[in-house]
There are 2 protein chains.
Amino acid sequence: MKHGSIVMAYRRTPRMQQRIDATRAQIADAARRLVAASGYAGTGIPEIARAAGISTGSIYRHFPSKAALFQEVFQKASRHEIAAFAQAAQVPGTAPERLAGMVETFARRALRGRTLARALLVEPVGPELDADRRRFRAPYQALIEEVLSEGMAAAELVPQDPRITSICIVGAIVETLLGPLSERSGCTQGTEEEEALVRALVETCLRAAGPRPQTPPRSE
Amino acid sequence: MKHGSIVMAYRRTPRMQQRIDATRAQIADAARRLVAASGYAGTGIPEIARAAGISTGSIYRHFPSKAALFQEVFQKASRHEIAAFAQAAQVPGTAPERLAGMVETFARRALRGRTLARALLVEPVGPELDADRRRFRAPYQALIEEVLSEGMAAAELVPQDPRITSICIVGAIVETLLGPLSERSGCTQGTEEEEALVRALVETCLRAAGPRPQTPPRSE
DNA sequence: CAAAGAAATGAAACACGGTTCAATTGTTAT
DNA sequence: ATAACAATTGAACCGTGTTTCATTTCTTTG
C-alpha cells in the first residue's frame, strides 16, 4: 500500500445508472420483439443477447433468470393491453354498450398482434410463468366485473353474480380467439371471416351479461 | 446348419401378445397416475418406467415417443368424460333445459375428479400435445352446438351463430373451473361455495344461449 | 496517471430429459 | 437341448438451452 491513504474508487454514478437502465430496457425490448415473432419456447437467451447487442452473460447481470426476464416482458406487454381495455371501459354509455366495446377491443387487438397475444394467452410456458399469466387475466376480469356491477345497479342488467359472469366472459373471449390465434398466421387474416367472428363473439357476451329487455319499468 | 432343415422358431403366440398388451396398459396407467399427480412436464420417462415396474428402454417398444404415450393417455381419459357429457345431452326436454344439464354435468365431474380434470384442461403441456388437447375439447363443443342448433330450429333460442356460442360456453366453463381446479385440493371442497359456483355458471351459460323469453307466439 | 473495482464478455460447463443400443434374458419350435 | 430370434434392460448418448466464471474492458476517484 502507498502510505495508508485509502483510495475510494468507483461509486455508481447517475450517469452509469442511466446506462444500466437503458441496457435493461434494451434487453426487455429485444425479448418482447423476439417473443412476438417466435413465441416463448422459440426464444433463447443467446438470441436475445444478440438482438440486444450485448453478450449472453450480461443478461444475467440484469435478470436472475430467463423466467424472471419474461415475467417482466409479459407484465409490461399486458400492462399496455390492459390500458387499452380500461380505456374502452371508460367510454360513456349503458353497461351493454360499454361491454360490447370492451370485448371488441380485446378481440381486435389480439387478432392484430397474433403472436404476442398467443404468447400472452395460450402458448404453453413453464409453471412459474403460467401462474403469472393467470394473474394477468385478472385485470380484464375485474374491469368487466365493474361494468357488470354498475349495469346491475342501474337496472340495465338482470340480477346475477357479476364475478362469475365476468370470468365466463373472459373465458368465452379467450376460447373463441384460441382457434384463430393458433393457426399459422396469414390464414384467417381475411377481414371477412374475422368480422363475423368478432360480431358473433360480442353478441354472445352481451347475452351472457343479461341485458334487461325493455327500458326501465314504464315509470314515466 | 443341422442338415438343411429350416428351424422356424418363435412366432408371437397369443399368450405373449396378451403379456405385451398388459405391459402396454400398465405403462399407460402409470403415466396417467403420475400426470394426475405432477403434471405432464413433471413426469419423466424414467419415472413412468419405475412406476410401471419396467425399464426406461422398454417404454419405447410400446410407444414411439413420450408425446405419443401421453396422446393415448389423454385420449383414453377424456373418452370417458365425453361419454358422460353426451349422455347428459340426450335427456329429453327443451334446449335450455338440456344445456343446463350438460353444463352442470361437466362442472360437477370436473370438480370431483380434480387432478385428472386439471391435467386434461389446465396443466401446461408441450406444443404437440397442446394441439391434441384442443381436439379433445371439440367433442364437447360439438355436442353443445348441436343442442343449440336444435333449440334454434325449435324457436326456443334466439337466432345466433351456434358454433361461436358453443365455443364461448366451453370457454366459460373452463375459465370458471380454472380457479378452483388450480387450488391445492381441499380448499374449495366445501359444497357450500361450489354449489353457488355451479349455479351461477349454469345461469350465465343459459343466458349466453339466448332463450326466447315467452312460450311460442300466443298461437292458441 | 494509477489504483480500485464494477460491468461486460463469451466460451465453456452444466443440467435436464428424451432416446438409443449393445448386451442380456426370455420364449418358441424342432 | 438348442437354434433362432424377440423382448428387456439400463447405462450411455445427445441435443438443447440455461447458467457460470476467469478474463478483459471500462469508469470513477485520489
Side-chain angles (χ1 to χ4, degrees), chain A residues 1-27 30-31 34-35 38-71 73 125-129, chain B residues 1-24 26-27 31 34-35 38-71 124-129:
Chain A
M1 305 172 202
K2 224 195 239 168
H3 59 294
S5 85
I6 299 158
V7 183
M8 299 242 272
Y10 203 88
R11 237 177 316 181
R12 185 178 284 183
T13 216
R15 176 89 183 79
M16 201 55 196
Q17 185 61 51
Q18 213 169 10
R19 185 192 294 271
I20 289 170
D21 291 348
T23 302
R24 187 189 166 86
Q26 260 180 348
I27 295 169
L34 288 174
V35 91
S38 327
Y40 174 74
T43 303
I45 295 284
E47 201 180 350
I48 295 169
R50 222 175 305 124
I54 60 168
S55 69
T56 334
S58 285
I59 301 238
Y60 285 87
R61 173 157 314 279
H62 298 276
F63 298 93
S65 70
K66 189 193 182 189
L69 164 57
F70 278 95
Q71 220 165 317
V73 168
V125 297
E128 328 93 311
L129 284 184
Chain B
M1 277 176 226
K2 223 193 245 177
H3 61 292
S5 84
I6 299 161
V7 183
M8 297 241 271
Y10 202 88
R11 238 180 313 181
R12 185 178 285 183
T13 217
R15 175 89 181 81
M16 200 57 195
Q17 184 63 49
Q18 210 169 11
R19 184 192 297 272
I20 288 170
D21 292 347
T23 301
R24 187 190 166 86
Q26 261 181 348
I27 294 170
L34 287 172
V35 90
S38 327
Y40 175 74
T43 305
I45 295 284
E47 201 181 350
I48 295 169
R50 223 175 303 126
I54 59 167
S55 69
T56 26
S58 283
I59 302 241
Y60 286 86
R61 172 157 315 277
H62 298 276
F63 298 93
S65 70
K66 189 192 183 190
L69 164 56
F70 279 95
Q71 221 164 319
V125 297
E128 329 92 312
L129 282 185

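Protein chains get the first letters and strands the later ones, always in sequence-line order, with residue 1 at the start of each.
The 5' end of DNA chain C is approached more closely, in terms of each residue's nearest nucleotide, by A:Ser58 than by the other of A:Ser58 and B:Pro64. When each of B:Pro46 and B:Tyr10 is assigned the nucleotide of DNA chain C bearing its nearest heavy atom, the one mapping closer to the 5' terminus is B:Pro46.
Contacts of B:Ile59 with the nucleic acid, taken as non-hydrogen atoms under 4.0 Å apart, are absent. Among the protein residues, B:Arg61 comes within range of the nucleic acid bases, having at least one heavy atom under 4.0 Å from a base atom. Within 4.0 Å of B:Thr13, counting heavy atoms only, lie sugar-phosphate atoms of the nucleic acid but no base atom. Contacts of A:Gly57 with the nucleic acid, taken as non-hydrogen atoms under 4.0 Å apart, include base atoms. B:Arg50 comes within 4.0 angstrom of nothing in the nucleic acid, heavy atoms only.
The shortest side-chain heavy-atom distance between A:Ile20 and A:His62 falls under the 4.5 Å cut-off.
If you check D:dT18, D:dA7, C:dT28 against the side chain of A:Lys66, the one that comes closest is D:dT18. Residue B:Arg12 places its side chain closer to D:dA6 than to any other of D:dT27, C:dT19, D:dA6. The side chain of B:Ser55 lies closest to D:dG10 when the candidates are C:dT9, D:dG10, D:dT19. Side chain of B:Met16, nearest nucleotide from D:dT9, D:dT27, C:dT27: C:dT27.
Here the closest non-hydrogen pair linking B:Pro46 and B:Thr56 is CA-CG2, 3.2 Å.
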